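What follows is a short report on a single structure.
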Amino acid sequence: MTLTPVAPLPEHEVRVRAPGKINLSLRVGPRDEDGYHPLSTVFQAVGVFEEVVATPSETFELTVSGPQAEVVPTDDGNLALQAARLLAERVGIDTGVHLHVVKDVPVAGGMAGGSADAAAALVACDALWRTGLSRDDLLDLAASLGSDVPFSLTGHTAVGSGRGHLLTPALTRGEFHWAFAVQHRGLSTPAVYRAFDELHGHDIPAEPDAEADVPLMQALRAGDARALGAALHNDLQTAALELDPGLAEPLAVAEDAGALGVIVSGSGPTVAALARSRQHALVLAAAFTASGVADRVLTAAGPVAGARVVSATD
Ligand code: C5P
């Protein structure tokens, strides 16, 4: 008797992609008793992606590949693992999951890579376990994991208030093109907020001024990159520069290369430069590379969608 070889059944897996973000505007109020700062921010999701592949497992395990994979924690400190455990608890799942994270968003770079992993893990496990939770349920779980996780779920462009977790979609026209100067040294978000408190603790208004972003919102609605460049704003930038003075270099290089605007992304240290076009983004990236002011250089367009299943096998 001869045996006909058959292809092995594909392992049940769910593959999810989630984007990194930049803050087109980040306005910070005084620290609350809970240790958080009230924010008024405008997020944009950009085309630099994390991928999370979820497969069934008895235990909760995480592996990582991609740039800087070696500095990503794979224990319970990892936000993607925390997301999977939280969802399992919420819906009463008593098995584990293996999450494989393919990183591309800079680690500790101010682009919410860890939050993107957590959002992707929620969406992947939700599909794997067929939980039947609503989008709002997932958003609640996301907010309990971290301030930026809800935005990683929703993507596109949105105004964030509260800790940054309360989102209102923003109208935008067309695409904006960005170049990023990435530093492997990273910056700690709590440390940047502490430096912000020391620098500005006594002279900031009780509420961040959302009205100040009217020109920015108009620029987004009109698809006017030049006006957007002029309206970019980051209250954490001085604090990030205080902790990492070397960031002045990529900021200056982008300005010299004709960026329409340039800011530190979120709590840094990634520097985001707004280009006139896709080609100009490549020119800005080349300027970062040539001047040696970045460990890694990326280009991307935004806005893009939030965490989405890209493939699933049964
Ligand atoms: O919410 P998440 O865990 O991402 O926040 C990390 C840290 O950043 C917080 O512990 C806090 O120190 C700081 N943070 C803040 N105000 C915010 C968001 C974050 O002070 N709105």
Side-chain angles (χ1 to χ4, degrees), residues 18-43 45 50 71-73 75-86 101 103 105-122 138-155 158-168 186-210 212-213 233-240 242-244 263-270 306-307:
K21 62 82 187 163
I22 49 181
N23 301 78
L24 304 175
S25 174
L26 180 51
R27 299 184 187 272
V28 183
R31 181 185 288 271
D32 282 341
E33 281 126 38
D34 63 3
Y36 282 87
H37 296 72
L39 302 182
S40 177
T41 187
V42 184
F43 292 109
E50 301 285 270
V71 298
V72 177
D75 60 11
D76 286 345
N78 187 292
L79 207 56
L81 267 186
Q82 291 174 23
R85 282 188 195 279
L86 184 68
V101 178
K103 289 213 70 73
V105 178
V107 177
M111 290 183 71
S115 300
D117 295 343
L122 281 179
L138 286 185
L139 279 170
D140 284 346
L141 291 177
S144 72
L145 288 160
S147 308
D148 290 338
V149 185
F151 180 72
S152 302
L153 269 184
T154 58
V159 177
S161 60
R163 286 181 279 120
H165 66 299
L166 303 172
L167 300 171
T168 310
L187 268 178
S188 143
T189 302
V192 174
Y193 275 101
R194 274 197 302 277
F196 172 86
D197 291 339
E198 277 160 31
L199 282 165
H200 308 290
H202 303 293
D203 58 0
I204 39 177
E207 286 297 322
D209 181 12
D213 285 326
H233 180 86
N234 185 356
D235 275 348
L236 293 181
Q237 183 152 320
T238 314
E242 171 114 335
L243 294 178
D244 189 343
I263 39 166
V264 169
S265 176
S267 56
T270 305

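We count ligands from 1, going down the list as the structure has it; atoms in each ligand are counted the same way. Computed from a predicted structure; not experimentally measured.
- Between Arg85 and Asp76 there is a salt bridge, with a side-chain nitrogen of the basic residue lying less than 4.0 Å from a carboxylate oxygen of the acidic one.
- The distance criterion of under 3.5 Å between nitrogen or oxygen atoms is not met by Arg31 with respect to ligand 1.
- In this structure, atom 13 (C) of ligand 1 lies nearest to the protein heavy atom Tyr193 CD1, 3.4 Å.
- No side-chain heavy atom of Phe43 sits under 4.5 Å from any side-chain heavy atom of Thr154.
- Per-residue contacts place Gly146 under 4.0 angstrom from the following atoms of ligand 1 (heavy atoms of the residue considered): 1 (O).
- Relative ring orientation between Phe196 and His200 is described as tilted, the plane-to-plane angle lying within the 30° to 60° band.
- Close approach of ligand 1 to Leu39 (heavy-atom distance below 4.0 Å) involves ligand atoms 21 (N).
- Considering every non-hydrogen atom in both Ala307 and Pro19, the closest pair reads N-CD, 4.0 Å.
- Of all protein heavy atoms, the one closest to atom 15 (C) of ligand 1 is His37 ND1, 3.5 Å.
- Relative to atom 12 (O) of ligand 1, the option among Pro190, Gly114, Gly162, Ser267 with the closest non-hydrogen atom is Pro190.
- Nearest protein heavy-atom contact of atom 6 (C) of ligand 1 is Thr189 CG2, 4.4 Å.
- Heavy-atom proximity to Ser147, at under 4.0 Å, picks out these atoms of ligand 1: 1 (O), 2 (P), 4 (O), 18 (C).
- Tyr36 OH, 4.1 Å is the protein heavy atom nearest to atom 10 (O) of ligand 1.
- Thr189 and Ser267 share a side-chain donor-acceptor pair at under 3.5 Å.
- Note on Asp117 versus Lys103: salt bridge recorded, some NZ/NE/NH1/NH2 to OD/OE distance being below 4.0 Å.
- By the 4.5 Å heavy-atom criterion applied to side chains, Val159 and Asp213 are not counted as neighbours.
- Of all atoms in ligand 1, numbered sequentially from 1 with element shown, those under 4.0 Å from a heavy atom of Gly35 are 20 (O).
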